[in-house]
Student: 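Pasting in a structure now, in structure tokens, and then I'll have a few things to ask.
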2 protein chains.
Amino acid sequence: MLRRPTIDDVAGLAGVSIKTVSRVFNRAPNVRRETREKVFAAAETLHYQPNLSARQLASNRTFLVGLVYDDPDPETTNDYVTAIQSGSLLACRDYGYHLLINPVSVSSPKLIDELTALNRQVDGLIVLQPLSDVRAVNQFITENDVACVRLSQRPLSGYASISVADVEAADEMTEHLLSLGHRRIGFIMGHPEHGQSHDRMAGYRRALERNGVPFDPKLVAQGLFDYDSGYACARRLLSQGDLPTAIFASNDPMAMGVLSAAREMEFDVPGKLSVAGFDDSPLARHAYPSLTTVRQPIASIARLATEELMQRLQNGGSGDANHCLKAEVILRASTAAPSPQAGHASS
Amino acid sequence: MLRRPTIDDVAGLAGVSIKTVSRVFNRAPNVRRETREKVFAAAETLHYQPNLSARQLASNRTFLVGLVYDDPDPETTNDYVTAIQSGSLLACRDYGYHLLINPVSVSSPKLIDELTALNRQVDGLIVLQPLSDVRAVNQFITENDVACVRLSQRPLSGYASISVADVEAADEMTEHLLSLGHRRIGFIMGHPEHGQSHDRMAGYRRALERNGVPFDPKLVAQGLFDYDSGYACARRLLSQGDLPTAIFASNDPMAMGVLSAAREMEFDVPGKLSVAGFDDSPLARHAYPSLTTVRQPIASIARLATEELMQRLQNGGSGDANHCLKAEVILRASTAAPSPQAGHASS
DNA sequence: GCAACGATTGACAGCGCTGTCAATAAGAAA
DNA sequence: TTTCTTATTGACAGCGCTGTCAATCGTTGC
């Protein structure tokens, strides 16, 4: 195996100093065009690539970005995180950075220690929910002036954030169900510690109110953003009192649970019960019936988050821009007008 | 912001040389117990953590492992890759390594250049299928003596590999369908360039043969491991000749496509058509009806792959162990005995 | 003509640690 | 007693690059 070419080799072949080679590769100003071309030619001849470890150490930067998220159960994959990761990976590449994936546990007593260690190993962080809504995490960020961007509806002064207009999206979905004629619309709330759960609930309530439909607490159940809690909530909502003709679950796995409960309890979907989800994961697309849901602009979120972080890293600024992106209601086969006589599916 | 403590600070406080501190943190032999304790105490007092960039540069190692996989469509998440990633991430942590995620494109003309660059930035690679079955990639591995572990059924001399006993698993699934009484069993093949596609097919044929059921090429359709190709293959298999009473698809997304096609063509599942998948992704669990499928031991694969790579990295050996793990058939609601009179579902 | 400024390049210390080799003390064997 | 071996520790060059500062040349303004 050949020794890997270094900056000294390139400088020798190009007939310039190693500092000039460094300037060329770092796009520094004040290098003549012919000098730059000479250096690039030498580098190409030698198949030279800068040694990242050396760059890191000499510049006191790592060229790594840490994506940090809550991972309560490593055995379960989370489509939302995976999609954000995919988008961030590509965006980081465009800036010459690598993305490091860091699952943590919100309930771990070592959470702040882990974040501290991580922060030393990366130039900046992308913090996903629900982490970005945890007080201790935000305190860590401000006390250490951590270069980061947070995906959260809750701004933090001096730090950029990206969010989706969850109130508007949930309002629009609820409006859709109302326009179909539904007046008893069940709502399954997401995890109480996630900021977006409250926004989705707020949107649901706003649309009800705007349409003169009274809010009924009996139509609301508390889920945990997973299939099993969605299933349990649906079983409860479909078992008591004045039954809903539609159920809006705060994410797709919970909506899948609603579909299963409806089936077991012989509520035909969408004939007797309309079901809506949130996120537009593959689950939603491949479900039977295919799920009406809210699509988040994941690629835009990931790109914008990365760009905000790069702004901060490259300009040393204290960017505190807050971007709120619009989501889109996707109509599929799981929602329809309520049947003239609401009741159980007949076998 | 305080300056971060260095090895000099720890050496000063502990009253030893920096080399001794280095020995302690690298678990070198020949350090007295009380010396080691003194150093750890000083390090803890100072909240010292080794500077990874410096370690990388001084040792000519990066303490990074690259997970490299084919990603034809960055907009689509792949449950298998995500699960392997999750397991590898945890396993690497146990060895003090970080995992770098690297999607590439098998059809890109720059594939080998990208692998070359990546190989300079990590200490070793975990190569997933179908990459690990590409001749040019394996040539790159052997020509450069790349430290790696491949997930592949095809061994490469001098390099470790991990695989799942796909022949046996597919054999067992087909046996299950045969034991239910099915004799016309459709088979949807996976992507022709993935090694495991052929093994799954081989298992299917072996079980037929062992049970004296003649292989009928008209019962086989070529899919591409995705929902759409599964849907199209099912539509074809259910439209012509002597119809199958069961369809075994080589992965879960394709099996989901079979469910959709069956529904549209009014084949009740499992009453008139049994459907089986492979992989046991969340799709399988949450499908309606829930899918009978093959579960791969993903956590074991990831851990074993990482351990093999660590063996090679830490012992400089040329490990070439080949591990073949057993998969498990998971019975769910999508398979049942064929109805006494095979035919279309009634309304 | 002289001084000031800007463009361009180069020398080199040092980032924080590891690998290599030397030094020393203590114990065992001849 | 002398020599050899082992355990333990320390000195220091250097990994490949960047930041800082100096040097030099050419141009412009007075």
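A note on names: the letters A, B, ... follow the listed sequences, proteins ahead of strands, and every chain is numbered from 1.
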Student: If you apply the rule ring-ring contact (aromatic ring centres under 6.0 Å, His included), what do you find for B:Y95 with B:F63, and how did you get there?
Tutor: CA-CA 9 Å; B:Y95 289 90; B:F63 303 100; over 10 Å; no

Student: Quick one: do A:E34 and A:K38 make a salt bridge, cutoff under 4.0 Å?
Tutor: no

Student: Assess the residue pair A:S53 and B:T62 against the criterion (side-chain contact (heavy atoms from CB on, under 4.5 Å)); give the C-alpha distance rounded to whole Å, side-chain angles, the decisive distance to 0.1 Å, and a yes or no.
Tutor: CA-CA 7 Å; A:S53 307; B:T62 62; 4.2 Å; yes

Student: Would you indicate which nucleotide in D:dG10, C:dT9, C:dG10 comes nearest to any side-chain atom of A:V16?
Tutor: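 The answer is C:dG10, which lies nearest to the side chain.
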
Student: Side chain of A:A58, heavy atoms from C-beta onward: which of D:dA7, D:dC17, C:dT18 has the nearest atom to it?
Tutor: D:dC17

Student: If I take atom CG in residue B:L52 and atom P in nucleotide C:dC17, what distance separates them, rounded to the nearest angstrom?
Tutor: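 In whole Å, C:dC17 P and B:L52 CG are 10 Å from each other.
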
Student: Rounding to a whole Å, what distance do you find between B:R36:CZ and D:dA7:P?
Tutor: 14 Å

Student: Touch check for B:T35, heavy atoms < 4.0 angstrom, all strands: base, sugar-phosphate only, or nothing?
Tutor: sugar-phosphate

Student: Is the phosphate of D:dT8 approached by B:T20 (side-chain N or O, under 4.0 Å from OP1 or OP2)?
Tutor: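 For D:dT8, OP1/OP2 do not have a side-chain N/O of B:T20 under 4.0 Å.
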
Student: Rounding to a whole Å, what distance do you find between B:K38:NZ and D:dT8:P?
Tutor: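 The distance from NZ of B:K38 to P of D:dT8 comes to 14 Å, rounded to the nearest Å.
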
Student: Please report the distance, rounded to the nearest Å, between CZ in B:R61 and P in D:dG16.
Tutor: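 Atom CZ in B:R61 sits about 15 Å away from atom P in D:dG16.
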
Student: Can you find a side chain N or O atom of A:N30 that sits less than 4.0 Å from OP1 or OP2 on C:dT9?
Tutor: no

Student: May I ask you to say whether B:R3 pairs ionically with B:D9, meaning some side-chain N is under 4.0 Å from a carboxylate O?
Tutor: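 Result for this pair is yes, salt bridge flagged.
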
Student: Under 4.0 Å between a Lys/Arg side-chain N and an Asp/Glu carboxylate O for A:R312 and A:E308?
Tutor: no

Student: When you measure from the side chain of B:I7, which nucleotide among C:dC17, D:dT18, C:dT8 comes out closest?
Tutor: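 Between C:dC17, D:dT18, C:dT8, the one nearest the side chain of B:I7 would be C:dC17.
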
Student: Determine the contact category for A:V31: base if any of its heavy atoms lies under 4.0 Å from a base atom, sugar-phosphate if only primed atoms, P, OP1 or OP2 are that close, otherwise nothing.
Tutor: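 Result for A:V31 = sugar-phosphate.
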
Student: Compare the minimum distances between each of C:dC17, C:dA11, D:dT9 and the side chain of B:R23, then state the nucleotide with the smallest one.
Tutor: D:dT9

Student: Do the side-chain N or O atoms of A:S59 get closer than 4.0 angstrom to the phosphate oxygens (OP1, OP2) of D:dT18?
Tutor: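 False: A:S59 side-chain N/O out of range (4.0 Å or more) of D:dT18 OP1/OP2.
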
Student: Less than 4.0 Å between a side-chain N and a carboxylate O, is that true for B:D8 and B:K19?
Tutor: no

Student: Less than 4.0 angstrom between a side-chain N/O of B:R32 and OP1 or OP2 of D:dT9, yes or no?
Tutor: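 So the side chain of B:R32 is within the cut-off, an N or O lying under 4.0 Å from OP1 or OP2 of D:dT9.
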
Student: B:R3 CZ to C:dC15 P: how many Å, rounded?
Tutor: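 Answer to the nearest Å: 9 Å.
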
Student: Please figure out whether B:S17 or A:P50 has its closest DNA chain D nucleotide nearer the 5' end.
Tutor: B:S17

Student: May I have the distance from B:Q56 (atom CD) to C:dG19 (atom P), rounded to whole angstrom?
Tutor: 14 Å

Student: Rounded to the nearest Å, what distance is computed from the CZ atom of residue B:F63 to the P atom of nucleotide C:dC17?
Tutor: 12 Å

Student: Whether B:R55 contacts C:dG16 is assessed here as follows: a side-chain N or O lying under 4.0 Å from the phosphate OP1 or OP2. Is that the case?
Tutor: no

Student: How close or far is atom P of C:dA13 from atom CG of A:N60, stated in whole angstroms?
Tutor: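 After rounding, the reported distance stands at 20 Å.
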
Student: Between B:D70 (side chain only) and B:V106 (backbone N and O only), is there a donor and an acceptor less than 3.5 Å apart?
Tutor: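 The answer is yes, because a donor-acceptor pair under 3.5 Å joins these two groups.
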
Student: By nearest atom, which of the nucleotides C:dT18, C:dG16, D:dT9 is closest to the B:A54 side chain?
Tutor: C:dG16

Student: If you count heavy atoms of other groups shown closer than 6.0 angstrom to CG of B:D94, is the number above 12?
Tutor: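 Yes - once you tally the heavy atoms of other residues, nucleotides and ligands closer than 6.0 Å, there are more than 12.
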
Student: Would you tabulate the nitrogen or oxygen pairs shorter than 3.5 Å linking the protein to nucleotides 23-26 of chain D?
Tutor:
none

Student: Take B:G15 and A:Y48, find for each the nucleotide of DNA chain D with the closest heavy atom, and name the residue whose nucleotide sits nearer the 5' end.
Tutor: B:G15

Student: Please pick, from D:dC17, D:dT9, C:dG16, the nucleotide with the shortest atom-to-atom distance to any side-chain atom of B:L57.
Tutor: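 The closest nucleotide is C:dG16.
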
Student: State, to 0.1 Å, how close B:V21 and B:V16 come at their nearest heavy-atom pair, and which atoms those are.
Tutor: CG2-CG2, 3.9 Å

Student: Are B:N51 and C:dC15 close enough that a side-chain N or O sits under 4.0 Å from OP1 or OP2?
Tutor: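 Result: no.
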
Student: Where the side chain of A:K19 is concerned, which of D:dT9, C:dC12, C:dT18 is the nearest nucleotide?
Tutor: C:dC12

